[in-house]
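Since the structure comes first, as structure tokens, the remarks are kept for the end.
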Amino acid sequence: MGRYYRVAKNLTEEMVSEILKEMLEIPEVERAEFTEDNTKILVLTQEEQYPEVMTRIVNIFSRVGHGCELSFAGFAH
């Protein structure tokens, strides 16, 4: 099962590309993809790994997205 996270600000295509690149370098991330309008991101990892993985992803978003924050938006089935 995956989880969707809401992206708090508009990102450029360059930011989106860099964020995805860095996220997919995290070994525990099975899949990561933005929705079409880049307002949400889907993250798939093992359930017990979400806290560690999301800590790293939140830091990536903040750094690359110049303070961009994420908030939980729901589960993907």
Side-chain angles (χ1 to χ4, degrees):
M1 182 185 311
R3 296 182 182 187
Y4 281 101
Y5 293 88
R6 196 170 292 106
V7 179
K9 69 186 240 182
N10 293 332
L11 301 171
T12 65
E13 287 302 318
E14 293 80 20
M15 289 175 178
V16 168
S17 294
E18 180 62 25
I19 288 168
L20 277 177
K21 177 183 164 283
E22 290 191 30
M23 286 177 63
L24 294 172
E25 289 174 353
I26 300 171
E28 296 82 12
V29 173
E30 295 172 16
R31 190 169 124 206
E33 59 187 47
F34 280 89
T35 57
E36 235 177 80
D37 57 1
N38 294 337
T39 60
K40 291 182 185 173
I41 186 152
L42 171 65
V43 178
L44 270 72
T45 190
Q46 296 297 315
E47 189 65 32
E48 67 276 357
Q49 295 175 328
Y50 271 103
E52 177 186 330
V53 167
M54 288 313 299
T55 297
R56 293 178 67 184
I57 290 173
V58 164
N59 289 331
I60 292 169
F61 267 84
S62 181
R63 180 174 40 79
V64 177
H66 306 289
C68 182
E69 297 179 352
L70 297 176
S71 59
F72 180 73
F75 293 102
H77 300 284

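Everything numeric here is computed off the predicted structure, so don't read it as measured data. The first residue of the sequence shown is numbered 1, and numbering continues consecutively from there.
Side-chain contact between V29 and R56 is absent, with no heavy atoms from C-beta onward closer than 4.5 Å.
Listed by first then second residue, pairs satisfying side-chain hydrogen bond (donor to acceptor under 3.5 Å, both in side chains) with a partner in residues 26-37 read E30-Q46, R31-E33, T35-D37, D37-T39, not counting sequence neighbours. Among residues at least two apart or in separate chains, there is no ring pair (Phe, Tyr, Trp, His ring centres under 6.0 Å) pair with a member in residues 6-30.
In the hydrophobic clustering of this structure, L44 does not group with V7; members are Ile, Leu, Val, Met, Phe, Trp, Tyr whose side-chain heavy atoms approach within less than 4.5 Å, directly or through other members.
Between the K9 side chain and the H66 main chain, a donor and an acceptor come within less than 3.5 Å of each other. Under a 3.5 Å cut-off, the side chain of Y50 and the backbone N or O of V43 do form a donor-acceptor pair.
Residue-environment remark: CG (N59) exceeds the threshold of 12 foreign heavy atoms within 6.0 Å. By the 6.0 Å contact criterion, CD on E69 is open, its count of non-hydrogen atoms from other residues, nucleotides or ligands being 12 or less.
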Donor-acceptor contacts under 3.5 Å from residues 15-26 side chains, at least two apart:
residue, atom, partner, partner atom, Å
S17, OG, E13, O, 3.1
K21, NZ, E25, OE2, 3.4
E22, OE1, R63, NH2, 2.4
E22, OE2, R63, NH1, 3.3

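Considering only residues two or more places apart in sequence or on other chains, A76 meets the side chain to side chain contact (heavy atoms under 4.5 Å, CB included) condition with Y4, L42. F75 pairs by the side chain to side chain contact (heavy atoms under 4.5 Å, CB included) definition with M1, R3, F72, H77, not counting sequence neighbours. Scored by the salt bridge (Lys or Arg N to Asp or Glu O under 4.0 Å) test, E48 finds no partners at all (sequence neighbours excluded).
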- Dump the intermediate steps for side-chain contact (heavy atoms from CB on, under 4.5 Å) on I41 and F61, then the final yes or no. CA-CA 11 Å; I41 186 152; F61 267 84; 4.0 Å; yes
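When all heavy atoms are compared, the tightest approach of C68 to A8 is SG-N, 4.0 Å.
Here NZ of K40 is found 13.0 Å from CG of N38. Values are rounded to the nearest 0.5 Å.
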